Amino acid sequence: MEKYEHITKMENIMVQQGEMLEEMNQLLDALEAHREKYRELLTYYYSEQRSQDLDDDANHLIPETMSRGVLSEDGIFDLIGDYRDTAFRMLESAVQMIRE
């Protein structure tokens, strides 16, 4: 049996890799499906509406009970950076996958 343990090991690796690729494809599908929502957020980030909302928040016109992380100094900005960093990581990973 020991002579063929490597077959079981390789089988497990193949199955795990296939599962991870399937999961990655599902995540990419979801990310692509929501890309327009991300663009909508970017548009809001640079909009006059957000400037007005920031002023209203500073003047305590927005209810304290309302979630308003989009008005924080770094919330959207950090997400933009994370989005970019993730895109670069995906590119680097894709190149590595192709080279292998």
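Residue numbers run from 1 in the order of the sequence given. Since we're looking at a predicted model, the values are computed, not measured.
Scanning both residues, H34 and A30, for their nearest heavy atoms gives ND1-O, 2.8 Å.
The shortest side-chain heavy-atom distance between L91 and V95 does not fall under the 4.5 Å cut-off.
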### Message
Checking R89 against E92 for the salt bridge (Lys or Arg N to Asp or Glu O under 4.0 Å) test, could you report, in this order, the C-alpha distance in whole Å, the side-chain angles of both residues, the deciding distance, and whether it holds?
### Response
CA-CA 5 Å; R89 184 176 177 197; E92 291 168 357; over 6 Å; no
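M10 contributes atom CE, which lies 11.5 Å from atom CD of E5 (distance to the nearest 0.5 angstrom). Between Y4 atom OH and H6 atom NE2 the span is 8.0 Å, to the nearest 0.5 Å. Atom CD1 of I7 and atom CE of M14 lie 11.5 Å apart (nearest 0.5 Å). Here L27 contributes atom CG and E22 contributes atom CD; the two are 10.0 Å apart, rounded to the nearest 0.5 Å.
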Identify every side-chain donor-acceptor pair in residues 51-68 under 3.5 Å, counting partners at least two apart or on other chains, and give the distances.
unit_1: Q52; atom_1: NE2; unit_2: D56; atom_2: OD1; d: 2.8
unit_1: D53; atom_1: OD1; unit_2: Q49; atom_2: NE2; d: 2.7
unit_1: D53; atom_1: OD2; unit_2: Y44; atom_2: OH; d: 2.6
unit_1: D57; atom_1: OD1; unit_2: R68; atom_2: NE; d: 2.6
unit_1: N59; atom_1: ND2; unit_2: D55; atom_2: O; d: 3.0
unit_1: E64; atom_1: OE1; unit_2: R68; atom_2: NH2; d: 3.4
unit_1: R68; atom_1: NH1; unit_2: P63; atom_2: O; d: 3.3
unit_1: R68; atom_1: NH1; unit_2: E64; atom_2: O; d: 3.4
unit_1: R68; atom_1: NH1; unit_2: M66; atom_2: O; d: 3.0

Which donor-acceptor pairs under 3.5 Å do side chains of residues 71-85 form with protein atoms, sequence neighbours excluded?
unit_1: S72; atom_1: OG; unit_2: G69; atom_2: O; d: 2.7
unit_1: S72; atom_1: OG; unit_2: G75; atom_2: N; d: 2.9

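Linking ILVMFWY residues whenever their side-chain heavy atoms come closer than 4.5 Å, directly or via other members, places Y46 and V70 in the same cluster.
Environment of CD in E23: sparse, with no more than 12 heavy atoms of neighbouring residues, nucleotides or ligands closer than 6.0 Å.
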